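One structure below.
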2 protein chains.
Amino acid sequence: MTTLPGIADIHVAARRLSGLIVETPLIESQELNRRFGGRILFKPETLQRTGSFKFRGAYNKLSTLSEAERGRGVVAFSSGNHAQGVAASAAMFGVKAVIAMPADAPAMKIANVRKMGAEVVPFDRFRDDRMTVIRPYLDNGMALVPPFDDPAIIAGQGTIGLELMAQARALGVSLDAVVIPCGGGGLTSGISLAVKDVSPDTEVWAVEPEHFDDTRRSLAAGARVSNEPGHTSICDAILTAEPGVITFEINRHNLAGAVAVSEGAVRQAVRDAMAYLKLVVEPGGCVALAALSSGEIDLSGKCVAVVLSGGNVDFGTYAQIMAA
Amino acid sequence: MTTLPGIADIHVAARRLSGLIVETPLIESQELNRRFGGRILFKPETLQRTGSFKFRGAYNKLSTLSEAERGRGVVAFSSGNHAQGVAASAAMFGVKAVIAMPADAPAMKIANVRKMGAEVVPFDRFRDDRMTVIRPYLDNGMALVPPFDDPAIIAGQGTIGLELMAQARALGVSLDAVVIPCGGGGLTSGISLAVKDVSPDTEVWAVEPEHFDDTRRSLAAGARVSNEPGHTSICDAILTAEPGVITFEINRHNLAGAVAVSEGAVRQAVRDAMAYLKLVVEPGGCVALAALSSGEIDLSGKCVAVVLSGGNVDFGTYAQIMAA
């Protein structure tokens, strides 16, 4: 029986992270409000330390390890954002980090992980089993920092929900919905716990790239289902095979629904974030904005928070999206 | 004898703007701190309403007009950021705005001004006299909203300095220097008044594009000198012929110095802002970051604030800088 994280764990995580994380602001565009016919408050975790929300969960997880465990070093697999979160956290604790990364991960992400002093072990996204790649390090006593299916990781990501609700309250608005990019579901489930704790009527939506809509299909099926293998997507940050056990158990109770967005909608959202928000958002970090055009989430006259989860995109990819 | 604005005018402007402007956050990059060997706190006015600081001064200026004056409408000339500030302010007051804009201004800037309901009158940057272009509107009783050389405009821009000093205080740091993009000098002089009021020892630096370093040369000459005509620059937002009378009178007393930066340094700074800050900054808004590499401003072990003044850049220009 797995222990689910709760709101108390998120409050503990917030105290651990205080002073180490950026309290990311809420950002608004009159033009996007007009276009969508509601009030959209963006939470740009692009401005977070390491350029994505992942530092929150990784640092919180490392905090829960004993000094002896941490001292033997930590190991993780990630296309890059979790990798940077773990590398930065390990550097702050002064311990070794080994990160298995797909060889085709964005060059900026690989370079940043190395700059922070972590060892990068490249693997083939399609042929290699990630657990097999990191097995020797685990056998050597290093601690695994899972990307999402872990109570401490979920609690760390949930601190975004605490900030969001406090910031909305300070603005004097009540949120009708919160829309969140979703890979394995750590960000979505963590935020949902914090949101539902203070505002049970606020809808929480997950957004996934097409062909990687495992959470959407799992919600429909009432049980965890996997994505068809063999697909690729520009949204490298949120390409997971299936929902986590813990994350899905939380999400099945807390989510109003999940939406899948096309690559074209994601590219347009990245351009909209550039033009109207002046924020650099990576494709996977921009799916929640992309979903606003889908019509599946009722925006008319509503006040909706949209999480922009990361901004680690290569110059070349970004230039290509801008030039399109 | 011209009346110089003072700190009291900035406090009045801050009260007028309260709730209407974004209190832009301070943003920091561990990587840029390491590279420059100091602590750099970025103030991104890119996130301000209309995508640049110009809304602050324009709205404050419109507030100082009588209802009768405002009712006859306002007129301005601008390559685009002041234009958007004036257009947004006029729309909020429900009055007409006419903006003379260079025909080669960024398309995004022209489109945004029109979206806000203002009338755009295109002119030729090299052949037309801007005052001649707007003369008929002034003769019709419309009020001029000058781009920089006006006490109310300067006081509005100065509110950035109030925020900056309060935010630095909240972080527990004292600023050794503030580095600011400089066209006509409204932003620089306004911020300098607010900074010097509470921290006389904090150095204030202006940064200009090469060939448009009129403030730098004017400081050296001890009197206002003009730029050689005929040059162009990617920094469209800050291409002025010479310093303002009021702005230079303030700047000559308050500035530690001015720095000119090459177009190559500006392009690199736009890329650095994308990669390390995840912020879209237009070339003219990024000159202060570009100046950090010049060696003219002592950064070693210092805590320095850098103003990123605007983010209104076309997709094509931005893609071209990203792809370089």
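Computed from heavy atoms alone, side chains included, the values below leave out hydrogens, waters and symmetry copies. Source: prediction; values computed, not measured. In the text below, chain A, chain B and the rest are named by the order of the sequence lines, each starting its count at 1.
Atom CD1 of B:I99 and atom OG of B:S79 lie 11.5 Å apart (nearest 0.5 Å). In this structure, the separation between CD on B:E45 and CD on B:Q157 is 9.0 Å, given to the nearest 0.5 Å.
Between B:Q167 and B:K43, the side chains place a donor N or O and an acceptor N or O closer than 3.5 Å (distance only, hydrogens not considered).
Counting heavy atoms from C-beta on, the side chains of B:V307 and B:V179 never come closer than 4.5 Å. Under the 4.5 Å side-chain criterion, counting only non-hydrogen atoms from C-beta, B:V207 is in contact with B:V261. Between B:I40 and B:L292 the shortest side-chain heavy-atom distance falls below 4.5 Å.
With a threshold of 4.5 angstrom between heavy atoms, A:V281 does not approach chain B through any atom at all. Interface remark: B:E31 contributes side-chain atoms only to the contact with chain A (heavy atom separation under 4.5 Å). For a residue to count as touching a neighbouring chain, one of its non-hydrogen atoms must lie under 4.5 Å from one of that chain's; by this rule A:N312 touches chain B with backbone and side chain alike. Heavy atoms of B:L279 lying under 4.5 Å from chain A belong to its backbone as well as its side chain. Heavy-atom distances place the backbone of A:L277, and not its side chain, under 4.5 Å from chain B. For chain A, no part of B:A273 is nearby; none of its heavy atoms comes within less than 4.5 Å.
Contacts with chain A were tallied for B:E282, B:E23, B:K278; B:K278 has the most, counting heavy-atom pairs under 4.5 Å. Put simply, of B:M108, B:Q30, B:R271, the one with the most heavy-atom pairs under 4.5 Å next to chain A is B:R271.
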